[in-house]
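It should be emphasised that the depicted structure is a prediction, and the values quoted were computed from it without experimental measurement. Letters go in sequence order (proteins before strands), and every chain restarts at 1.
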Number of protein chains: 2
Amino acid sequence: MKKEKVHDRILRVASELFYKQGFNSTGINQIIAEADIAIGSLYNHFSSKNDLLHAYLIKEENNWFEGLEKSLVNLTEPGKKLSSIIDYRKKLQQSSKFAGCHFIKIISEIGEGNPVVSAFAKRHKEKQKEVIHTMVKEYSESNPSIDIDLTTEQIFLLIEGAVVSSTINKNNDSFDQVKKIVQGLLP
Amino acid sequence: MKKEKVHDRILRVASELFYKQGFNSTGINQIIAEADIAIGSLYNHFSSKNDLLHAYLIKEENNWFEGLEKSLVNLTEPGKKLSSIIDYRKKLQQSSKFAGCHFIKIISEIGEGNPVVSAFAKRHKEKQKEVIHTMVKEYSESNPSIDIDLTTEQIFLLIEGAVVSSTINKNNDSFDQVKKIVQGLLP
DNA sequence: GTCTATAATAGGATAGAC
DNA sequence: GTCTATCCTATTATAGAC
């Protein structure tokens, strides 16, 4: 294991803080204190706090899809894959102590204020839905009775709902319900 | 129509700003500028920015349930009521230009940082679910085949998912899908 | 590349006159 | 009740030494 580069350490520390306490609530001073560097070094690696935010979003997006792939490896049955994607989101909530979805969080905080961030979050959710769509389509090949688009939307919305609900309630009950619902959905 | 009291004007202006640009992104200075009052007056009516936040949440919660009641008045059929609650959330999104749910927003922004706010948001969502639960239970009286608790959870999560999805996409497509799904759900 | 010092501004909040 | 003036701290960001 190579030693962590300064650039990566800054980004890791900033990411944790942005995620846990929010972007606006996290000051540059706190980042440099916890990363144990001087402020001049931070601005040597990142041109602004906004630049750090963009790097954060890109990294979290990559992590998200890499983590998903790992969860799906060796699975071939589409019904199992759909079940696994629910488990994946559930696991993410558990391991983050129910901190919620990075992209819903940042949209809630920044809103219209930053079009680049809005567009990024929108694209991220589109990609998530595309993954589900592919799985549902695959599933429909052996079960042609289902409505592919409507089932995709239903599973996607149930998961999104479960994420916000589990974030508010600090438990994963919703995910267990979603698993039951989705099982009933797939003949 | 009585003239708006200063107290109410402060709260109205602050509420709009908290909702549209976020709590942390809204400064006291901006609030007093847009409410056209002096800072001393603000602190005469509200003891702190946090006090203003609590007043904001209470007001939005009251507005939410009052608005829902108005949407449901004259409706007796439980299936129609359930359909109306979806329309209500859809209408709220439309009229706020897809600004999202006040409570999901504040939780995303403040997170663990403020237990009072967390508890308030949690309770608010519980109340929403209770409303749906009552409707589903009523519906089940003439359609005993449905699973009341699971159907309640499903409708609740679909709506929550549609709210965040429509906030990110700036359109109400998800709500139209949810209406179709829920119609298919109720025999 | 990393550091310290500092700029320039905005944050929330208070005191006291009227 | 409303106002102005002010306090103290924190904010993001830059300059320049090493």
Compare side-chain N and O positions of B/Asn29 against OP1 and OP2 of C/dG12 and report whether any pair is under 4.0 Å apart. no
Note: A/Lys90-A/Asp176 ion pair, threshold 4.0 Å (strictly below): yes
Salt bridge or not between B/Lys170 and A/Glu112? Use side-chain N to carboxylate O under 4.0 Å. yes
Parallel under 30°, tilted from 30 to 60°, perpendicular over 60°: which one fits the rings of A/His102 and A/Tyr19? parallel
Angle class for the B/Phe103/B/Phe120 ring planes (parallel below 30°, perpendicular above 60°, tilted otherwise)? parallel
With respect to the side chain of A/Ser41, which nucleotide from C/dT14, D/dT12, C/dT2 is positioned closest? C/dT2
Both B/Ala38 and A/Lys49 contact DNA chain D. Taking the nearest nucleotide for each, which residue is further toward the 5' end? B/Ala38
For A/Asn24 and B/Gly40, find the nucleotide of DNA chain D closest to each by heavy atoms; which residue's nucleotide sits nearer the 5' end? B/Gly40
NA contact type, A/Thr26, heavy-atom cut-off 4.0 Å: base, sugar-phosphate, or nothing? sugar-phosphate
What about A/Phe156 and B/Val182, same hydrophobic cluster or not, with Ile/Leu/Val/Met/Phe/Trp/Tyr joined at side-chain heavy-atom distances under 4.5 Å? yes
Ring-ring centroid check A/Phe46 A/His7, cutoff 6.0 Å: yes
[X] has an atom [atom1]; how far is it from atom [atom2] of [N], in whole Å?
X	N	atom1	atom2	value
B/Gln30	D/dT11	CD	C1'	16 Å
A/Ile32	D/dA13	CD1	C1'	11 Å
B/Leu42	C/dT14	CG	P	12 Å
A/Ile28	D/dT14	CD1	C1'	13 Å
A/Ile39	C/dT6	CD1	P	14 Å
B/His45	D/dT2	NE2	P	4 Å
B/Tyr43	C/dG16	OH	P	18 Å
B/Asn44	C/dC18	CG	P	18 Å

Closest non-hydrogen atoms of A/Leu75 and A/Lys81, given as atom of the first, atom of the second and distance, are O-CE, 3.3 Å
Find the bend of the helix from C/dG1-D/dC18 to C/dC18-D/dG1 as the angle between its two terminal axes (five pairs each), to the nearest 10°. 0°
